[in-house]
Amino acid sequence: MQMSNEPSPASRRILLIEDDADLSEALGDVLEESGHEVIRAIDGEDGLRKLRETRPDIVVLDLMMPHVDGWQFRVAQRRDPALATTPVVVISASTSPTAAAVDADLYLRKPLDAATLQQAIEDVLNVQRRRLQPAVIAQNERLAGIGTLAVGLAHEINNPLTYVILELANAVRLLRTVAADANRATIDELGAHLHAAVEGAERIREITGAIRTFTRPADTAVRPIDVRTPLEAAVKMVMGEVRQRARLTTHYDDVPVVIANEGRLGQVFLNLLTNAAHAIPDGAPETNEIRIVAAADRDGNLVVRISDTGVGIPTHLVGRVFEPFFSTKPVGEGMGLGLWISHNIVSGLGGSLTVSAESGRTTFCVTLPRARAD
């Protein structure tokens with residue numbers, strides 16, 4: 001087999017399922033030299049296990065293998081919703097119609113050179129991206145339009161809101177001037193109502209301020225930020241939904257500065273907190289919790305964990321939550337793009353977004369590299 005050191009356009013995580021040790025080593029070495037991460041499996045059974053564990057971008061699959069062969073691998077993969085969407089390139093020396101008709105995204109005949117395999121991997125992944133692109137563009141345009149509308153509404157609300165806050169403050173001040181022993185109880189009651197109205201108005205001002213954090217679609221610049229700012233802004237946005245469902249607790253411990261775009265990171269936290277709230281039914285806030293923990297890991301990088309005690313994610317679906325258009329919500333209650341977009345934002349910042357579901361809690365974990373001094 002001819003070897004090529006030509007670099008691949010992008011780094012991929014590739015699961016290589018090949019029982020021939022020499023061929024597996026040769027193929028794997030070439031792919032690794034091109035910058036890919038290669039996970040090797042010796043047969044279909046080993047491949048299914050590693051597919052579940054590693055969540056690769058693509059599978060390169062031999063057909064003729066002992067124990068569980070390539071055809072059996074594909075049947076098992078298709079039956080598992082958490083694995084079914086991972087694309088597969090089949091490589092085989094067989095010339096039979098059965099081999100050529102295998103259920104795969106692409107069939108390549110052995111012998112093949114490394115450049116052919118690398119190009120096949122890129123072609124299959126590009127086709128997958130193109131299938132998603134029109135819907136993603138439409139969704140992004142819709143979100144940008146909603147953002148522009150939200151900013152305009154926030155501005156229009158703030159002007160009369162400022163007037164209301166000033167007039168309420170004047171009313172509180174004047175109320176003190178008419179207080180006397182004879183009307184003390186009434187004045188105190190009126191004062192309590194006015195103070196509650198002031199608190200409500202200030203809450204509205206906080207919400208409109210938080211809207212601006214998330215609605216600057218043209219702003220993609222990154223800079224050093226304290227992650228607590230977009231986190232607290234997201235909390236303000238969701239508290240209306242949260243307070244009827246759960247207690248919300250926060251714990252910040254030695255939070256490192258990260259290089260990020262505050263608005264886009266705020267979108268991630270808003271999405272995760274909204275999903276956490278929607279996972280908990282109304283009516284029992286004293287028995288449920290949404291918890292936010294932000295801290296540094298052993299390497300000094302930022303880790304933000306958002307967990308909830310809601311209905312959870314079925315085990316067999318955990319591996320699919322970041323897929324575009326996948327949703328555990330009822331039909332009509334979401335397009336299934338929020339977590340996928342969030343995953344892309346975090347990945348674009350050099351971090352990771354993962355999920356775990358155990359012990360009655362669902363936890364999403366955002367990890368971002370700390371800002372390093374030049």
[X] with [Y], same ILVMFWY side-chain cluster at under 4.5 Å:
X: Leu349; Y: Val255; result: yes
X: Val293; Y: Leu302; result: no
X: Val68; Y: Val60; result: no
X: Val268; Y: Val235; result: yes
X: Ile14; Y: Val89; result: yes

Would the distance check show the side chain of [X] and the main-chain N or O of [Y] forming a donor-acceptor pair, the cut-off being under 3.5 Å?
X: Asp297; Y: Asn301; answer: yes
X: Asn183; Y: Thr186; answer: no
X: Asp57; Y: Arg13; answer: yes
X: Lys50; Y: Arg40; answer: yes
X: Arg74; Y: Asp103; answer: yes
X: Arg291; Y: Thr250; answer: no
X: Asp46; Y: Ile42; answer: yes

Spacing of [atom1] belonging to [X] relative to [atom2] belonging to [Y], to within rounding of 0.5 Å:
X: Leu194; Y: Leu168; atom1: CG; atom2: CG; result: 6.5 Å
X: Met237; Y: Phe269; atom1: CE; atom2: CZ; result: 14.5 Å
X: Phe364; Y: Ser307; atom1: CZ; atom2: OG; result: 11.0 Å
X: Ser352; Y: Leu368; atom1: OG; atom2: CG; result: 8.0 Å
X: Glu199; Y: Ile165; atom1: CD; atom2: CD1; result: 12.0 Å
X: Asp62; Y: Asp20; atom1: CG; atom2: CG; result: 8.0 Å

Can a donor-acceptor pair be found between the side chains of [X] and [Y] at a distance below 3.5 Å?
X: Thr309; Y: Arg361; answer: no
X: Ser96; Y: Ser94; answer: yes
X: His278; Y: Glu241; answer: yes
X: Gln118; Y: Ser34; answer: yes
X: Asn271; Y: Thr274; answer: no
X: Arg264; Y: Gln267; answer: no

Between [X] and [Y], which heavy-atom pair has the shortest distance, and what is it?
X: Val242; Y: Ala277; value: CG2-CB, 4.0 Å
X: Ala234; Y: Leu270; value: CB-N, 3.8 Å
X: Thr367; Y: Val346; value: O-CG1, 4.1 Å
X: Met64; Y: Asp19; value: O-OD1, 3.4 Å
X: Leu108; Y: Ala120; value: CD1-CB, 3.6 Å
X: Val124; Y: Pro87; value: CG1-CB, 3.6 Å

How about [X] and [Y]: do any of their side-chain heavy atoms sit closer than 4.5 Å?
X: Leu16; Y: Ile39; answer: no
X: Val88; Y: Gln77; answer: yes
X: Phe73; Y: Leu51; answer: yes
X: Leu339; Y: Leu272; answer: yes
X: Glu32; Y: Glu37; answer: no
X: Met239; Y: Leu248; answer: yes
X: Tyr252; Y: Val227; answer: no

Partners meeting side-chain hydrogen bond (donor to acceptor under 3.5 Å, both in side chains) with Asp282 (sequence neighbours left out): Arg245
Could you please spell out the steps behind the salt bridge (charged side-chain N to carboxylate O under 4.0 Å, His left out) verdict for Glu232 and Lys236? CA-CA 6 Å; Glu232 289 301 316; Lys236 290 174 183 175; over 6 Å; no
Taking it one step at a time, do Ile292 and His251 satisfy side-chain contact (heavy atoms from CB on, under 4.5 Å)? CA-CA 6 Å; Ile292 304 171; His251 179 72; over 6 Å; no
Does [X] have more than 12 heavy atoms from other residues, nucleotides or ligands lying within 6.0 Å of its [atom1]?
X: Glu45; atom1: CD; answer: no
X: Arg79; atom1: CZ; answer: no
X: Glu286; atom1: CD; answer: yes
X: Glu25; atom1: CD; answer: no
X: Arg305; atom1: CZ; answer: no

Charged N-O contact under 4.0 Å between Glu189 and Arg184: no
Test side-chain contact (heavy atoms from CB on, under 4.5 Å) applied to Cys365 and Ile306, Thr354, Val355, Leu353, the passing residue: Thr354
From CA spacing to verdict: side-chain contact (heavy atoms from CB on, under 4.5 Å), Val258, Ile225: CA-CA 6 Å; Val258 297; Ile225 67 166; 3.9 Å; yes
Go through the steps to decide whether Leu112 and Ile91 satisfy the test side-chain contact (heavy atoms from CB on, under 4.5 Å), and finish with yes or no. CA-CA 9 Å; Leu112 74 160; Ile91 56 173; 4.2 Å; yes
Could you walk me through whether Leu231 and Val304 satisfy the side-chain contact (heavy atoms from CB on, under 4.5 Å) test, starting with their C-alpha distance in whole Å, then the side-chain angles of each, then the deciding distance to 0.1 Å, before giving a yes or no? CA-CA 9 Å; Leu231 266 173; Val304 177; 4.2 Å; yes
